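What you see below is based on every heavy atom in this structure, not just the backbone, and it leaves out hydrogens, waters and symmetry mates. What you are looking at is a predicted structure, and each value in this text was computed from that prediction instead of being measured. For ligands, and for the atoms within them, numbers begin at 1 and follow the listed sequence.
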Amino acid sequence: MTKEHDLSFDDFDEAVNPRPEGCDFDDVVEEALSRRGFLGGVLAMGGFAALGGAVLPTRAKAAGNRFAFDAVAASTEDGIVVPKGYKAEIVMRWADAMWSDSVAFDQDTRGTAETQARTFGDNTDGMEIFLHEGRTLMTVNNEYTNRKIIWGNREDGKFANADDVEKGMLAHGVSVVEVAHDGTGWGIVIDSPFNRRITPQTEMALTGPAAGHDLLKTAADPSGTKTFGTWNNCGSGKTPWGTYLACEENFNGYFSAADENHEVTAELKRYGVSASDWGYGWATIDERFDVSKTPNEPNRAGYVVEIDPRDPNSTPKKRTALGRFKHENAECVVNNDGRLVIYMGDDERGEFLYRYVSNGTYAAGVDTDELMENGTLYAAKFDASGKGTWLALTPDNTGMTQAEICIHTRIAASKMGATTMDRPEWVTANPNSDEVYCALTNNKNRGKKTNAGGDETPVGGPNPREANKYGQIVRWKPVDGDHAADGFDWDLYVLAGNPTVHQDDRAGSDNVNKGNMFNSPDGLAFDSNGLLWIQTDGKYSNADDFAGQGNNQMLAGDPVTGEIRRFLVGPNEAEVTGLCWSGDRRTMFVGIQHPGEKGDSHWPDGGNTVPRSAIIAVTREDGGLVG
Ligand code: FEO
Ligand code: CA
Ligand code: CA
C-alpha cells in the first residue's frame, strides 16, 4: 500500500519498523561521563598531534587563512547568497530540456511521463564532471521527488493516475548532460550525443560476487544478472579510469504490498522494506515493486552503479562487490601500492562506515572491469582512544558466503561488531594528505535506540552526543599512509552545534561560533587546493535549537587550522548537495535540492512559479579560480 505522510526516509523506516529501546542505561551513563574526557582529549589535545600530522582545530583565526572570500551571514531569504565578488547563476533545473524535442516545463501540469522522460530529472544530488573530446559531461544523480511538488497540480498532492506515477518514476535516476559556457553563462548542450537519461526502467547488469545468486533471481530474470533501473541515487563517486558511480540510498521506500499485513523477511526488514511504500505508488504500475509478488526485487537494489558517461549506449553495472546498504557516496582512492580503495557510508541511524579494497592494482591500461569485482569489504570499528580498525567481512569471519556478504552487508557488519554511527553521509579524501573525512549528519536515536538490526548505539567515540541533533565530521589517517592497512587514527574535525543556545557540548567544538554555525553536515568534497567543502541537509527552522542558523548552506573548512567559514546559503526549504568543478576550476557547480519541500519557496524562478531543484554555477566576478 501507499502511505500518505510527511516523514523523512529515516522516520518512515522507523514508523514501519519501530526500534526497540535497546541501549543499556549503565553503558550510556558511563559513556556520557567519559565523553568529557574524550572531547577534552581528542579534540583539544589532538589525536593527530602525537603523529606529527595535522594540527587540530582551534578557534578560527581572523588573518593568515587560505580562504579567498569573506564569510556570508546566515540567511532565510528565498534565494542564493554568495560572498561579495562572487555570483551564482542557474545551469539547469528539474524538467529542463535536453533535446530539441523536449517539451518545455508546464507550470500548470508539471509535465507528464512522456515529457519527463526527455528532460532533466528531479532532486539533483551527487554529480561529477568528465572532460571528454573537449566536451564537459556533467553526470548527475536525480535522487527522488517530492510528492507535493511533482504532483502539486493535484489538489491533494498525490498521484491521480498511472501517468502521474510514471512521471514520478522517470524523474528519478541519473542524467548525463553535456554543458557548455556560451560566453554569457553555463547551460545544457541541447541534442548533445552524450545526453542521456538513466531511469528506473533502464536495463542494467548485476555483476560481481552476488550476480546469479538465488536471492537476486526473479520470475522476469531467472539468471539473477539483469535488472532494470536505479533510483534514490544520493552521492556519487568517480573512478580513476573516468567512470561515474551512482550510489543507491533509500531504495526500500519504493516497495509495497497490496496487502498491508504482508510480512517481509527479517533480512528485508533490516533494510526497511515493508508493505508500505513512501507514497510513490510504483507497485501500482509495475508488479516488481510489489514485495509480496516479487520478494527478491529489493535485493537487486542498494548497490553502487558504475556508468560510463562517455558511451551513451553502455549498460550500467551494479557492482555487488561494493556491498548492499543505503549507500551515500563512494570515494575512490588509489592506494600507494596501486590497489583501489573505496570509502562508503551507510546513511541510516546506527549503521556503519565501510571500505572496499580491490585485489588487483590500478595502472593505466589494466582491466579496470575487474577492480570493482574482486576485493574485500570492511566495516569500521572505532575505539574511544582515537584508534580504529577495519574489520574484514569475509566468509571465514562472518560465516556467510561471499555472495551473502554482498547482499546482506549490514548483517555481516553487525556480526563483526562494527561501530554503529550517527548516519554516515559523504566521505572525501584530502588530496594533499593521507586523511579521510566523513560527515555524520545527526542521530536522534544515539544512546536511545538500537539500529534496525538490534545493535546498541552507545554514546562515545566518534558519536559523542546523546540524541545528536547537530552532527559532526570524523576524520582518520590510515596507519603509515596505507589506505589498505587494518588500523587508523581518528579524531573529530568539528562537532556542529549552536553556541548561542547551548553552553554544553551542544554548543559544538571550538571551531564553531555564532558566525559559522550550522547543523547536519552531509555533502563533503575537497577541492584541488585541499580546502574541505561542507554542505548541509538539516533543520532550517531558524528557531529554538537552530536559532540563527538560517537556511541550509555550504561552508569551507581548513583541514589544518580547523577554521570553518560560511560560503553560500541556499533558498527556503532546500538542501545544498552535490559539488564539482569545471575543468579550468573557474566554475564551481553546486546542487540545490527540493526548494519549497514544505510549500514555502518559488526558487529559482520567483513570482508564483513552481519551485524546482537546480544546479547553479558559482564564479568569481573577476574570473578567478574557485577551487
Ligand atoms: Fe540522500 Fe544521505 O542523503
Ligand atoms: Ca545526502
Ligand atoms: Ca542528509
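Among the atoms of Asp347, no N, O or S atom is found under 3.0 Å from the Ca ion (ligand 2).
In summary, the aromatic rings of Tyr303 and Phe251 are positioned with their centroids too far apart to meet the 6.0 Å limit.
Listed by chain and residue number, the protein N/O/S atoms under 2.8 Å of atom 1 (Fe) of ligand 1 are Glu143 OE2, Cys234 SG, Glu249 OE1, with waters left out.
Within Glu328, the N, O or S atom lying nearest to the Ca ion (ligand 2) carries the name OE2.
Expressed to the nearest 0.5 Å, how far CH2 of Trp94 lies from CG of Asn123 amounts to 9.0 Å.
Listed by first then second residue, pairs satisfying salt bridge (Lys or Arg N to Asp or Glu O under 4.0 Å) with a partner in residues 590-602 number zero, not counting sequence neighbours.
Summarising the geometry of Ala246 relative to Asn141, their closest heavy-atom pair is CB-OD1, 3.5 Å, with the distance given to 0.1 Å.
Remark: Asp545 does not engage Lys539 in a salt bridge, criterion side-chain N to carboxylate O under 4.0 Å.
The number of heavy atoms from other shown groups lying within 6.0 Å of NZ (Lys238) is above 12.
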- request: Please report the C-alpha distance between Trp603 and Ile592 in whole Å, then the side-chain angles of each, then the deciding distance to 0.1 Å, and finally whether the side-chain contact (heavy atoms from CB on, under 4.5 Å) criterion is met.
  value: CA-CA 10 Å; Trp603 189 85; Ile592 304 293; 3.6 Å; yes
